[in-house]
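Have a look at the structure below, then the notes.
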Amino acid sequence: MENTQKPNIPEVFLKPYDPSQHETNIYKLWEESGYFNPDNLPGERDETFTIVMPPPNANGSLHAGHGLVITLEDTMIRFERMRGKKALWIPGADHAGFETQVVYEKKLQKEGRSRFQMESDDLYKEIMDFTLSNKSFMEGQIRELGASCDWSRSLFTLDDSVIKTVHATFAQLEKDELLYRGARIVNWCPKHQTSLSNLEVNYDERTEPFYYFQYGPFIIGTSRPETKFGDKYVVMHPDDKRYDDYQHGQTIELEWINGPITATIIKDEAGDPEMGSGAMTITPWHSGVDFDISKRHDLDYEQIIDWRGKLLPIAEEFEGMNIKEARAKIVEKLDKKGLLVKVDEKYDHSVPCCYKCNREIEPQIREQWFVKMRPLADKAIEAVDAGEVKFVTNRDERVFRDWMSKIEDWNISRQIVWGIPIPAKVCSECGHGQVDLDNKITTCEKCSGKMEQDPDTFDTWFSSGQWPLATTGYPDSDDFKEYYPTSVMETGKDIIFFWVSRMIMLGLYRTGKAPFKKVYLNGMVRDKKGLKMSKSKGNVISPSEIQERFGTDALRMGLLVNNAPGSDMNLDPDKVNAYKKFANKVWNITRFSLDSLSDFDYTDSLNENDKENIAEKLNPAVKEITDHMTKDRFDIASEKLYQFVWDYFASELIEESKPLLDSEDASVKASRQALLAEYLTTSLKMLHPFMPFVTETIWQELPEELKDDDILMIAKWPTVK
RNA sequence: GCGCGAUUAGCUCAGUUGGUAGAGCAGCUCGUUUACACCGAGAAGGUCGGGAGUUCAAAUCUCUCAUCGCGCACCA
């Protein structure tokens, strides 16, 4: 502190770099500069560079994965801003429908309450309060990560303008006959009392008993005897010779669970002769495949299991029983009746489960809104074919194409309150549904029955699928004209289907243009041991914890260096610590340089020797690092930068400069001073997108002569000289 | 069942169009009162999962096997 030998450098450099002392002030400096908003950026900026931030779920705090997303996008934005583009990064927050409702339900449960005992308006209001308070907390965290996004354009997924966009798309889909309401098999979660999209279902590997029963003259197999009450069709392949004596449509009398029934023979290609006896009975209400068969032959179907997972009156003595409990009892009864042929105890299959609570999904028939995906998907594939949308990794493109090629219709109705209400009426008589944006329809156009408001809300992803439209103010705003299509969509690879592909489809559908030109999908951030972070495992590494220990810049580098696009990474605090040391290294490089420049007059130019150094060392480094960045290889760019700054600038250049700075020859000394100045400013600029806080902190301390702008954030990216 | 990815130094990972391997961390040896111990110098450490093939040359291309992870589909 009282180092009287160093009067010529700012005092702050006499101590190691302490991130906690500077970060808040530096962020404030940036935010107050107004430069997060591209409208305020200086100079002629013809080219735009836009990223729409994946809006984090406003139902908790940020995890390391968010840290990676924010860091990558901020690095891209800062790089392009320094390169003179009109850089816009639009932040937002997601109400995250079902996700948030599940989080809130857990909270209610702890308090001994339940959403099923609440008025939906009250529930909605409570979740809104909860979400908004989380939202502001979360926005604070995004700031702490250094995000240079334009807060003035921030949007929440339940804002009126968003809802308006979503409603308009819904209506347009109806007009274009891409929307229908139909009774179809949906994935029903008996705990959460809502249907789920196919993507929200996980498959659990299980080994369970498999039962064979005598069904009249046939032997049928099943792992779910509790669904079999209503089975009155027996299906076999038309070419199966064993059943040549039976004709399609023929009926037979047989003894079944609760007495004699009449069964009908159905010949259908879905019957697999290789499987068991080749004959099966079907339960159309509770199985997708069976439902398809029954549709083909116009068969009856009846609900066996209610919405809570209990047996209906058709089960007679088993009515009201939970299906798990009923299974054993039904088998027992059939055994007593001599209809149990055999049991295969070890049957391996996978069972659909709710991705949130892991309870078994009960397929049910329900009237829902569906979007026809095939035409939308074809357009999306065309856009990728035409190079209108590019994926940073080939693998992601293949995964995308694969899914798009076999896409199924999308159930967008959810039976939860926390979401955007579906602007439609449903007939209380015939179930006919009609889109009604203006809330005017009262009578059914089909049966003249009374039309009532559809109580359902949209699947969150239906609205987030339109996020690039909503954030840019489609269709009329100036932002839409200027910034759509956006430059890059950067997000986690786990939501390529949920989100990325739907944005492409819906963006193309509404505007004719894909919403972004490039897709950068980052891998997952795992813990040190490579395990997925989850609250239940207790291995969640919170970004703020790491930031407190090592500083934000160190966290950012730890997330970026050597983390190739799309590959998962394990976040090791030791790695982050290495970059904390690096930040201090940069700090001390500055200390040395400023000390060496204390008597420099900033007019002297380089001698031949030092010009040669620029050509041979500095220029190639600038070129190499810039090239990697333009190719989205921030993992390599940051690594090279680290090596350039530490191994060359600090270890070699500074060391070899020491004797030259002491040279008797004033011109040798002055040239070396000019060279150091060049290296210092160039290094700070290149480091800035990766380590914005320490570099800006330093920049603010530099003499005016060294700077081409007061704020490093908008200084010019170095070019080869 | 179909597909995708991974397998490189003790650990975590890079390695762009094929030219006999790199970084960080950890560990080892030595060193330090003026940029920095959040440091410096040095050494050590890998038959690039196994096998086969193409090639003058393979971590890199082809095939195959193994282990792990993921996605999709099916599940009578």
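All chains are named by letter (A, B, ...) in the order of the sequence lines, taking the proteins before the strands, and each is independently numbered beginning at 1.
A donor-acceptor contact under 3.5 angstrom links the side-chain atoms of A:K585 to the base of B:C36.
A salt bridge is defined here as a Lys NZ or Arg NE, NH1 or NH2 lying under 4.0 Å from an Asp or Glu carboxylate O, and A:R224 with A:E208 fails to meet this definition.
Contact annotation for A:D272: base contact, defined as any heavy-atom pair under 4.0 Å involving a base atom. When heavy atoms are screened at a 4.0 angstrom cut-off, A:A583 is found touching no nucleic acid atom at all. Contact annotation for A:V289: backbone-only contact, meaning every heavy-atom pair under 4.0 Å involves sugar-phosphate atoms and none involves a base. At a threshold of 4.0 angstrom between heavy atoms, the contacts of A:G271 include nucleobase atoms, whether or not backbone atoms are also involved. Here A:F13 lies out of heavy-atom contact (under 4.0 Å) with every strand. Residue contacts for A:F497: at a heavy-atom cut-off of 4.0 Å it reaches the sugar-phosphate backbone alone, with no base atom in range. When heavy atoms are screened at a 4.0 angstrom cut-off, A:I220 is found touching no nucleic acid atom at all. At the heavy-atom level, A:S567 lies under 4.0 Å from the strands shown only through sugar-phosphate atoms. Looking at heavy-atom distances under 4.0 Å, A:E655 makes contact with a base. Residue contacts for A:K493: at a heavy-atom cut-off of 4.0 Å it reaches no nucleic acid atom on any strand shown. Residue contacts shown for A:A270 include a base, since a base heavy atom lies under 4.0 Å away. Contact annotation for A:I654: base contact, defined as any heavy-atom pair under 4.0 Å involving a base atom.
With hydrogens and angles disregarded, no donor-acceptor distance shorter than 3.5 Å links the side chain of A:D595 to the backbone of A:R591. A:Q364 places a side-chain N or O within donor-acceptor distance of the main-chain N or O of A:I305, the cut-off being under 3.5 Å. Distance alone, capped at 3.5 Å, is enough to place a donor-acceptor pair between the A:H286 side chain and the A:I304 backbone. With hydrogens and angles ignored, the 3.5 Å screen pairs a side-chain donor or acceptor of A:D568 with a backbone N or O of A:M524.
One interatomic measurement links the two molecules: CD of A:E639 to P of B:U16, which rounds to 14 Å at whole-angstrom precision. Computed from coordinates, the A:N187 CG to B:C72 P distance equals 12 Å when rounded to whole Å. As rounded to whole Å, 13 Å separates atom C1' of B:C36 from atom CZ of A:F649. In this structure, the CD1 atom of A:I496 is 11 Å from the P atom of B:C72, given to the nearest Å. Remark: P of B:G15 and NZ of A:K640 are 10 Å apart, rounded to the nearest angstrom. Distance OH (A:Y211) to C1' (B:A76): 15 Å, rounded to an integer number of Å. Note: CD (A:Q214) to P (B:A76) measures 20 Å, nearest angstrom. In this structure, A:H628 places its NE2 atom 14 Å from C1' of B:A23, rounding to the nearest Å.
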List, with names and distances, any nitrogen or oxygen atoms from the protein found under 3.5 Å away from nitrogen or oxygen atoms belonging to nucleotides 2-4 of chain B.
| residue | atom | partner | partner atom | Å |
| --- | --- | --- | --- | --- |
| B:C4 | O3' | A:R398 | NH2 | 3.4 |

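With both ends at atom C1', the span from B:A14 to B:C74 equals 39 Å, rounded to whole Å. Taking atom P in both B:U12 and B:C38, one finds a spacing of 27 Å when rounded to whole Å. A gap of 36 Å separates the P atoms of B:U67 and B:A26, to the nearest Å. For the C1' atoms, the distance from B:G22 to B:U62 is 27 Å, rounded to whole Å. When the P atom is compared between B:A35 and B:A41, the two are found 14 Å apart, to the nearest whole Å. Distance check on atom P: B:C36 versus B:A44 gives 30 Å, rounded to whole Å. Using C1' as the reference atom, B:G51 and B:A66 are 11 Å apart when rounded to the nearest Å. Comparing the same atom, C1', in B:U34 and in B:G10 gives a spacing of 38 Å after rounding to whole Å.
Nearer the 5' end of RNA chain B, as judged by each residue's closest nucleotide, is the contact made by A:I636, out of A:D647 and A:I636.
Using cut-offs of 30° and 60° for the angle between ring planes, the A:Y648 and A:F644 rings count as parallel. Taking the six-membered ring where tryptophan is involved, the planes of A:H248 and A:H297 are tilted, since the angle between them lies from 30° to 60°. In this structure, A:Y642 and A:F582 have tilted ring planes: the angle between them lies in the 30° to 60° band. Ring geometry for A:F213 versus A:Y211: interplanar angle under 30°, hence parallel rather than tilted (30 to 60°).
With both pairing distances under 3.5 Å, B:C72 is matched to B:G1 as a Watson-Crick or G-U wobble pair. For B:G46, there is no paired nucleotide, since no Watson-Crick or G-U wobble pair has both relevant distances below 3.5 Å. Base pairing annotation: B:A35 forms no Watson-Crick or G-U wobble pair, as no partner gives both donor-acceptor distances under 3.5 Å. As the counterpart of B:G24, B:C11 is assigned, both hydrogen-bonding distances of the Watson-Crick or G-U wobble pattern falling under 3.5 Å. With a cut-off of 3.5 Å on both pairing distances, the Watson-Crick or G-U wobble partner of B:U67 is B:A6. B:U17 makes up no base pair with any nucleotide shown, lacking Watson-Crick or G-U wobble contacts both under 3.5 Å.
Across B:G22, B:C75, B:C72, the shortest atom-to-atom separation from the side chain of A:S350 is found for B:C75. For A:A564, whose side chain is taken as the heavy atoms from C-beta onward, the closest listed nucleotide among B:C38, B:A14, B:C36 is B:A14. Considering only side-chain atoms of A:A578, the nucleotide from B:C74, B:C25, B:A76 that sits closest is B:C25. Distance from the side chain of A:R591 is smallest to B:C36 among B:C36, B:C75, B:C38. The listed nucleotides are B:C75, B:C13, B:A76; the one nearest the side chain of A:T222 is B:A76. Distance from the side chain of A:N588 is smallest for B:C36 among the nucleotides B:C39, B:C36, B:A76. Ranking B:A35, B:C38, B:C75 by closeness to the A:I589 side chain, first place goes to B:A35.
Listed here is the closest heavy atom pair of A:F690 and A:R556: O-NE, 3.0 Å.
Taking only side-chain nitrogens and oxygens, A:K15 never comes nearer than 4.0 Å to OP1 or OP2 of B:C38. Proximity of A:R633 to the phosphate of B:G15: a side-chain N or O atom is located under 4.0 Å from OP1 or OP2.
Neither side chain, A:Y233 nor A:D268, offers a donor N or O lying under 3.5 Å from an acceptor on the other. Looking at A:T552 and A:E23, their side chains do bring a donor and an acceptor atom within 3.5 Å of each other.
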